[in-house]
Structure formats: C-alpha cells, structure tokens
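Shown next, in structure tokens, is the structure this report addresses.
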There are 2 protein chains.
Amino acid sequence: MARSASALRGQILESALRLFAVHGFRGTSLQDIASDAGCSKASLLYHFAGKEKILTELLTPARDALATLLDRVAGLAGGRLVEEAVTGYVDLALRYRREIRLLFEDIAEMSCHQDLGVLELADGLLDALAGRSQQAPARVAAWMVLGAVFITSATDDEVAPDEVLRAEMIRSALRTLDHTPS
Amino acid sequence: MARSASALRGQILESALRLFAVHGFRGTSLQDIASDAGCSKASLLYHFAGKEKILTELLTPARDALATLLDRVAGLAGGRLVEEAVTGYVDLALRYRREIRLLFEDIAEMSCHQDLGVLELADGLLDALAGRSQQAPARVAAWMVLGAVFITSATDDEVAPDEVLRAEMIRSALRTLDHTPS
DNA sequence: ACCATAACTGTCCGATCGGTCAGTTCTGAC
DNA sequence: GTCAGAACTGACCGATCGGACAGTTATGGT
C-alpha cells in the first residue's frame with residue numbers, strides 16, 4: 001500500500017497536530033495518531049525517530065518564524081521596535097494558533113476534568129474584566145488580561161519584587177482594558 | 001509509624017504541590033510524591049482516593065477564592081467593577097502562584113525539552129516587547145503581552161472574527177505596553 | 001523480468017504507572 | 001491490658017505506552 005513517502009509523512013503530521021490540539025501531547029498515543037492517519041504505529045516510527053520528533057517537527061516552523069521576527073526587529077529601536085514586535089508577534093501567534101493550542105490542551109484538560117467547574121468561574125471573571133460588556137474589543141482585552149496575569153504570575157520571581165510586580169501588573173492590566181481611573 | 005492523620009495528609013499535599021510545580025502533574029508519579037513525603041505509595045492512596053483527588057484538593061482553595069472574588073464584584077458596575085476585578089484577580093494569582101505554576105510546568109517542560117532553544121527566543125521577544133528596557137515596569141508589561149497574546153490565540157475562534165481579533169489584540173497589547181503611537 | 005531499496009506492518013518487549021488488597025503496626029478509649 | 005479501629009505498608013496486578021525488530025510488500029531503475 002506504500003504511498004509516496006512525503007504523502008504519509010504529511011498525513012501523520014496533520015493527524016498529530018489535530019489530535020495534539022484536542023487531547024494534548026501526552027494525551028495522544030502513537031496508536032491514536034497511527035489510526036487517524038490510517039497506518040500502523042510501526043509505520044509512524046519508521047518516518048519519525050520518536051514521538052518527540054513529531055512534536056519537534058510540528059513546532060519548528062513556528063520557532064523559525066519567531067527567530068525570523070527577532071532578526072527583523074533586531075535593528076530597530078524605540079516606537080518602531082515595539083510596534084513591529086507586537087504586530088509581528090500577534091500575526092505569528094494567530095498563524096500558529098493550532099500549535100499554541102496543543103501546548104495548552106494538556107493543562108486545559110487538567111483544569112476541566114476536575115470535579116468543580118473552573119470554566120464557569122473563568123467565564124465570570126472574563127465578564128467582570130470586560131465590565132459586563134459583550135463588545136468584541138472589551139472581550140478580547142479581557143481575555144488578554146486573563147492570560148497576562150495568569151502567565152506573569154507563573155514567572156520566576158526574578159523579574160521584580162512582589163510588591164512591584166503586583167503594582168505593575170495592576171497598572172498594565174488596567175491599561176490593557178483601556179480603563180481610565182475613576 | 002502512624003503519625004496523626006492530618007500531619008501526613010498535609011505533608012503529602014505539600015510534597016505534591018512542590019513536585020507538581022517542578023515536574024508538572026503528569027510528570028510526577030505517586031511514587032515520587034510518596035518518597036518525597038516519606039511514606040509509601042499505598043499510604044498516599046489511603047488518604048486520597050486517587051491522584052486526581054490530590055490535584056483537586058490542591059486547586060480547590062484557589063477555585064474558592066476565585067468564586068469569592070466573583071461574588072464580591074457581582075454587585076458592582078462600571079469603573080469600580082473593573083478595578084476590583086483586576087486587583088482581586090492579580091492578588092489571587094500571586095497568592096496562588098505555585099498552583100498556577102504547576103498548571104504550566106507540563107507545557108514548559110514540553111517546550112524546552114525540544115532540541116531547539118525556545119527559551120532564548122522567548123527572551124529575545126521579551127526584550128523587544130520591552131523596547132530593550134531593563135526597567136521593571138517595562139519588563140512586567142512585556143511579560144503580560146507575551147502571555148496575553150499566547151493565551152488569546154489559543155482561544156476558541158468564537159470570541160471575534162480573525163481580523164477583529166488581530167486588530168484588537170494589537171491595540172490592547174500596545175496599550176499594555178503604554179505605547180503612544182508614533 | 002529482476003532486484004535493490006524504500007515503505008510498511010504484526011508482534012513482541014520492557015518499563016512505568018495508577019490502583020488494589022490482605023495483612024501489619026500503631027493509638028487511644030475503656 | 002485489651003481491643004477496636006485508624007494508619008500504614010509490601011507485594012502484586014492490569015493496563016498503557018513508547019519503542020525494537022524481523023519480516024513482508026510495493027516501487028522504480030535497468
């Protein structure tokens with residue numbers, strides 16, 4: 001049944017990306033990918049030296065795109081630097097959305113499989129951060145604050161002392177939400 | 001050696017939280033926790049119905065704190081709502097830093113174990129977003145943009161059409177960075 | 001037609017892990 | 001001291017998973 005090499009390889013990568021994005025990397029077995037791609041598990045390991053290599057190949061384009069972006073802004077400074085970095089990063093993140101999603105699915109599955117709905121709570125927080133607005137700009141900004149605080153909190157403490165970190169996070173978040181102090 | 005029930009239970013939770021935060025939930029086995037807590041794996045499962053239950057118990061305080069926060073801001077509106085939601089969320093995130101970190105460690109380990117250094121690239125992006133500044137406010141804001149775009153990109157597409165999402169993400173990010181258009 | 005090689009597969013293996021269970025040790029009430 | 005029950009443990013089990021390997025099938029060049 002031997003298809004041309006590139007065909008099955010591509011199919012495997014496609015299946016892997018989709019399954020990883022749904023069940024996470026650890027939540028997807030080689031057999032899952034093989035079944036989805038319509039080949040045997042052994043065939044997977046003929047094309048890829050191991051499960052990790054599949055992930056590597058999947059993430060490499062995004063990695064390279066990021067490297068390219070950094071090269072492009074290397075010579076810039078000031079306002080231009082920030083603008084280019086931001087737009088470049090946003091475009092890159094949207095382009096490689098599925099790749100990013102696969103990185104998160106593991107933790108999403110973990111948070112949700114809990115007995116207690118964290119999802120509704122997150123929705124509630126989102127509503128509050130958006131000031132109960134249903135408009136897209138407010139919703140997007142609320143999502144961004146949600147993620148920003150979440151990730152920044154997970155950061156190593158070396159970025160700033162706790163008190164500074166707290167104050168700056170609040171100020172940054174309020175700016176993100178376009179909030180004018182009352 | 002039977003210590004009092006609460007003592008070992010607490011020790012187990014403490015060990016689990018620390019190990020989860022370092023190696024992730026899936027990256028930590030019951031035996032790892034048991035060894036760290038100084039008891040047998042069977043003893044773990046005497047105190048907790050399963051591995052998931054340990055995680056649940058670890059995350060429950062943070063979940064409850066979030067629920068309390070949402071209750072507190074339920075009656076608010078406008079500027080007060082946003083301010084209270086933001087400060088409350090930031091305080092909560094910092095208080096439960098280790099719990100948040102454990103959710104991330106799985107993906108951190110996944111991204112870094114790659115053959116190719118994503119870490120240096122992230123550092124480079126961070127520098128660019130901070131406008132090459134080493135000041136704490138700029139660094140914190142850069143971290144927040146990094147996380148904000150990352151998470152928002154992983155969001156379901158239902159929040160906004162792609163073009164709107166892109167435009168709002170860029171505008172929000174620039175606000176976060178306190179960037180005045182040139 | 002032939003054959004070297006790439007493509008592919010069924011089967012087996014070792015390791016790991018979460019969880020069970022029967023049995024042992026400790027503790028506190030009487 | 002005794003005894004009931006909580007606390008704890010060693011040994012074992014079934015399932016899963018990533019990977020190895022020998023063998024089979026398809027392909028393309030001559």
Side-chain angles (χ1 to χ4, degrees), chain A residues 1-59 102 105-107 109-115, chain B residues 1-59 102 105-107 109-115:
Chain A
M1 203 163 301
R3 280 151 291 194
S4 85
S6 57
L8 182 54
R9 256 189 79 95
Q11 179 61 46
I12 289 172
L13 287 173
E14 175 62 29
S15 294
L17 179 55
R18 185 154 41 81
L19 291 175
F20 286 166
V22 173
H23 304 111
F25 177 70
R26 289 194 171 88
T28 305
S29 71
L30 291 180
Q31 187 58 60
D32 291 336
I33 303 171
S35 300
D36 189 273
C39 68
S40 70
K41 189 177 62 162
S43 192
L44 278 191
L45 293 160
Y46 170 78
H47 287 289
F48 299 92
K51 193 182 180 186
E52 295 251 327
K53 290 299 174 58
I54 299 178
L55 183 62
T56 301
E57 196 141 333
L58 242 25
L59 296 182
L102 88 81
E105 206 49 42
D106 272 314
I107 83 171
E109 204 158 313
M110 187 160 43
S111 306
C112 304
H113 199 278
Q114 297 297 113
D115 306 326
Chain B
M1 201 163 302
R3 281 151 292 194
S4 84
S6 56
L8 182 54
R9 257 189 80 95
Q11 180 61 46
I12 289 172
L13 287 173
E14 175 62 28
S15 294
L17 178 55
R18 186 154 41 81
L19 291 174
F20 286 164
V22 174
H23 305 110
F25 176 71
R26 288 194 171 89
T28 305
S29 71
L30 291 181
Q31 187 58 61
D32 291 335
I33 303 171
S35 300
D36 190 273
C39 67
S40 71
K41 188 177 61 162
S43 192
L44 278 191
L45 294 160
Y46 171 79
H47 287 288
F48 300 91
K51 194 183 181 186
E52 295 251 327
K53 291 297 174 60
I54 299 179
L55 182 61
T56 302
E57 197 141 334
L58 242 26
L59 296 183
L102 88 81
E105 206 49 40
D106 271 315
I107 84 172
E109 202 158 313
M110 187 160 44
S111 306
C112 303
H113 198 277
Q114 297 296 113
D115 306 327

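Numbers restart at 1 for each chain; the letters A, B, ... are given by sequence-line order, proteins then strands.
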> From C/dT20, C/dT9, D/dC8, pick the nucleotide closest to the side chain of B/S43?
Replying inline: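 Closest nucleotide to the B/S43 side chain: D/dC8.
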> For the side chain of A/H47, counting heavy atoms from C-beta on, which of D/dT9, C/dC8, C/dG18 is nearest?
Replying inline: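 Looking only at side-chain atoms, A/H47 lies closest to C/dC8.
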> For residues A/T56 and A/E52, is any side-chain donor paired with an opposing acceptor at under 3.5 Å?
Replying inline: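 Checked: A/T56/A/E52 side chains show no N/O donor-acceptor pair below 3.5 Å.
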Whole-Å gap separating [atom2] ([N]) and [atom1] ([X]):
{"X": "B/K51", "N": "C/dG19", "atom1": "NZ", "atom2": "C1'", "answer": "12 Å"}
{"X": "A/L45", "N": "D/dA20", "atom1": "CG", "atom2": "C1'", "answer": "9 Å"}
{"X": "B/E52", "N": "C/dG19", "atom1": "CD", "atom2": "C1'", "answer": "13 Å"}
{"X": "B/Y46", "N": "D/dA7", "atom1": "OH", "atom2": "P", "answer": "4 Å"}
{"X": "A/L8", "N": "C/dT9", "atom1": "CG", "atom2": "C1'", "answer": "12 Å"}
{"X": "A/K53", "N": "D/dG18", "atom1": "NZ", "atom2": "C1'", "answer": "14 Å"}
{"X": "B/F48", "N": "D/dT9", "atom1": "CZ", "atom2": "P", "answer": "14 Å"}
{"X": "B/L44", "N": "D/dG10", "atom1": "CG", "atom2": "P", "answer": "12 Å"}

> Are A/L102 and A/V22 side-chain neighbours, meaning at least one heavy-atom pair lies under 4.5 Å?
Replying inline: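 Answer no - side chains too far apart.
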> If we only count heavy atoms from C-beta on, is the A/E105 to A/F25 side-chain gap below 4.5 Å?
Replying inline: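 Answer no - side chains too far apart.
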>> My understanding is that only residues two or more places apart in sequence, or in another chain, count here; which of them pass side-chain hydrogen bond (donor to acceptor under 3.5 Å, both in side chains) with A/S43?
In response: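 Here no residue qualifies.
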> Partners of B/S40 by side-chain hydrogen bond (donor to acceptor under 3.5 Å, both in side chains), sequence neighbours excluded?
Replying inline: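 Result, side-chain hydrogen bond (donor to acceptor under 3.5 Å, both in side chains) vs B/S40: none returned.
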For nucleotides 12-15 of chain D, tabulate all protein N/O to nucleotide N/O atom pairs closer than 3.5 Å, reporting atom names and distance.
none

> Where along residues 25-35 of chain A does a heavy atom come under 4.0 Å from DNA chain D, residue by residue in number order?
Replying inline: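 Within this stretch, A/T28, A/S29, A/L30 sit under 4.0 Å of the strand.
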>> Filter on salt bridge (Lys or Arg N to Asp or Glu O under 4.0 Å), then keep only pairs touching residues 29-41 of chain B, sequence neighbours left out; what's left?
In response: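 Non-adjacent pairs meeting salt bridge (Lys or Arg N to Asp or Glu O under 4.0 Å): B/R18-B/D36.
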> Taking B/K51 for the side chain and B/T28 for the main chain, is one N or O donor matched with an acceptor at less than 3.5 Å?
Replying inline: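 Yes, because the side chain of B/K51 sits within donor-acceptor range (under 3.5 Å) of the backbone of B/T28.
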> Where the side chain of A/R9 meets the backbone of A/H47, is there a donor-acceptor pair that is under 3.5 Å apart?
Replying inline: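 Yes; at least one donor-acceptor contact below 3.5 Å.
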> For B/Y46, what residues pass the ring pair (Phe, Tyr, Trp, His ring centres under 6.0 Å) criterion, not counting sequence neighbours?
Replying inline: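 Scan of B/Y46 (ring pair (Phe, Tyr, Trp, His ring centres under 6.0 Å), adjacent residues dropped) gives none.
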